[in-house]
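The figures that follow rest on heavy atoms only: side chains count, while hydrogens, waters and symmetry mates do not. Owing to the predicted nature of the structure, the values given are computational and were not obtained by experimental measurement.
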Amino acid sequence: MNRTLTLIATAGVIFSGIALADTAALVKDCESCHGNGGVSQWTDMPTIAGISSGVHGDYLLSYKNKERPCSKSKYRQGDTKRPETDMCTVASKLSDKEMESLAAFFSAKPFVAAKQPFDAAKAAAGKLRHAKDCEKCHTGNGRDASADASILAGQQTGYLKKAMDEFIAGTRPQPKKMKEKLAGLKPADVDALVNFYASVQ
């Protein structure tokens, strides 16, 4: 059994209705952009390891329904000569069972915080802003996956900045309570939050 199959078989997850080899192929395709085990090494590409299966499933369904912005991206590893793709295209080819399997697999993988630079003064301001506006849902300084909210702390900063800009612009769906919080943020607040999440390593 190869390494990917072994990881899936030992993840403590039952992939109902999906063959192990088929799931391994899907995982490998995801890793071509998101990194081994779902841990990204690229600032514009999010780490998907460790995020709860419920959040994963919601994200994949949103992409399948084309409710989120779908920027084209090159493959980061493996066959990097493949044509660019995007998450709407990827998700459109997945069945409900396949999305459940991928969500279960990557949620069982450990989240690894990105080692990236940050401004200490901005991070301090961002910590205060997080405590005021974000901690209620993104608990543990944005690191608690059990809260069923996306992991923010240690996430790639390029991706975080783009995602927050999309939320504020209204081009990415979000809960009403989150929309209300983000509406009051100024560019300096977003910058501070991004630096704070980068500081949690």
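- Remark: Arg172 CZ to Lys179 NZ distance equals 15.0 Å, nearest 0.5 Å.
- Applying side chain to side chain contact (heavy atoms under 4.5 Å, CB included) to Pro46 and the options His34, Lys162, Gln156 leaves one that passes, His34.
- Summarising the geometry of Ala103 relative to His56, their closest heavy-atom pair is CB-CB, 3.5 Å, with the distance given to 0.1 Å.
- Remark: side-chain polar atoms of Lys64 are paired, donor with acceptor, to backbone N or O of Leu94 under 3.5 angstrom.
- Once rounded to the nearest 0.5 Å, the distance linking CG of Leu160 with CD1 of Ile151 reads 11.5 Å.
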For Ile48 and Leu102, run side chain to side chain contact (heavy atoms under 4.5 Å, CB included): C-alpha distance rounded to whole Å, both residues' side-chain angles, the deciding distance at 0.1 Å, then the answer.
CA-CA 10 Å; Ile48 58 175; Leu102 287 170; over 6 Å; no
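- By the criterion of side-chain heavy atoms lying less than 4.5 angstrom apart, applied directly or through intervening Ile, Leu, Val, Met, Phe, Trp or Tyr residues, Val55 is not grouped with Val39; the two fall into different hydrophobic clusters.
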Chi angles and distances behind the salt bridge (Lys or Arg N to Asp or Glu O under 4.0 Å) call for Asp189, Lys132
CA-CA 12 Å; Asp189 297 322; Lys132 178 177 181 290; over 6 Å; no
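- Leu152 and Phe118 fall into different hydrophobic clusters, where Ile, Leu, Val, Met, Phe, Trp and Tyr side chains are chained together by heavy-atom contacts under 4.5 Å.
- Of the charged side-chain nitrogens involved, at least one lies within less than 4.0 Å of a carboxylate oxygen, so that Asp44 and Arg76 count as a salt-bridged pair.
- Between Pro110 and Ala49, the shortest heavy-atom distance links the atoms O-CB, 3.4 Å.
- Shortest non-hydrogen contact noted between Ser107 and Ser52 is CB-C, 3.9 Å.
- In this structure, Asp191 contributes its side chain and Pro187 its backbone to no donor-acceptor pair below 3.5 Å.
- Between the OG atom of Ser53 and the CD atom of Glu100 there is a distance of 9.5 Å, given to the nearest 0.5 Å.
- With hydrogens and angles ignored, the 3.5 Å screen pairs no side-chain donor or acceptor of Asp133 with any backbone N or O of Lys181.
- Distance check: Leu26 CG to Met99 CE gives 11.5 Å after rounding to the nearest 0.5 Å.
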Side chain to side chain donor-acceptor pair (under 3.5 Å) between Ser150 and Tyr59, worked out
CA-CA 10 Å; Ser150 191; Tyr59 286 172; 3.3 Å; yes
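- Closest approach of Val194 and Met164 over heavy atoms only: CG2-SD, 4.2 Å.
- One hydrophobic cluster holds both Val190 and Met178 under the rule that ILVMFWY side chains link at heavy-atom gaps under 4.5 Å.
- In plain terms, the two heavy atoms of Gln116 and Gly154 that are nearest each other are NE2-O, 4.0 Å.
- Considering Lys72, Lys66, Lys93 in turn, Lys72 is the only one that fulfils the salt bridge (Lys or Arg N to Asp or Glu O under 4.0 Å) rule with Asp86.
- Val27 and Tyr75 are members of different hydrophobic clusters when ILVMFWY side chains are connected at heavy-atom separations under 4.5 Å.
- Atom-to-atom distance recorded for Asp144:CG and Glu135:CD is 8.5 Å, nearest 0.5 angstrom.
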Could you go step by step and tell me if Val112 and Thr47 meet the side chain to side chain contact (heavy atoms under 4.5 Å, CB included) rule?
CA-CA 8 Å; Val112 180; Thr47 285; 6.0 Å; no
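- Taken to the nearest 0.5 Å, the CD atom of Gln77 stands 10.0 Å off from the NZ atom of Lys28.
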Criterion side chain to side chain contact (heavy atoms under 4.5 Å, CB included) on Leu60 and Glu98, from CA distance to verdict
CA-CA 10 Å; Leu60 287 171; Glu98 288 171 333; over 6 Å; no
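- For the side chain to side chain donor-acceptor pair (under 3.5 Å) with Tyr197, the lone residue among Lys161, His130, His138 that qualifies is His130.
- A single hydrophobic cluster is seen to contain both Phe105 and Leu61, as judged by linkage of ILVMFWY side chains at heavy-atom distances under 4.5 Å, directly or through other members.
- Nearest approach of Leu193 to Gly126, heavy atoms of both residues: CD2-O, 3.5 Å.
- With sequence neighbours excluded, no residue forms a ring-ring contact (aromatic ring centres under 6.0 Å, His included) with Phe106.
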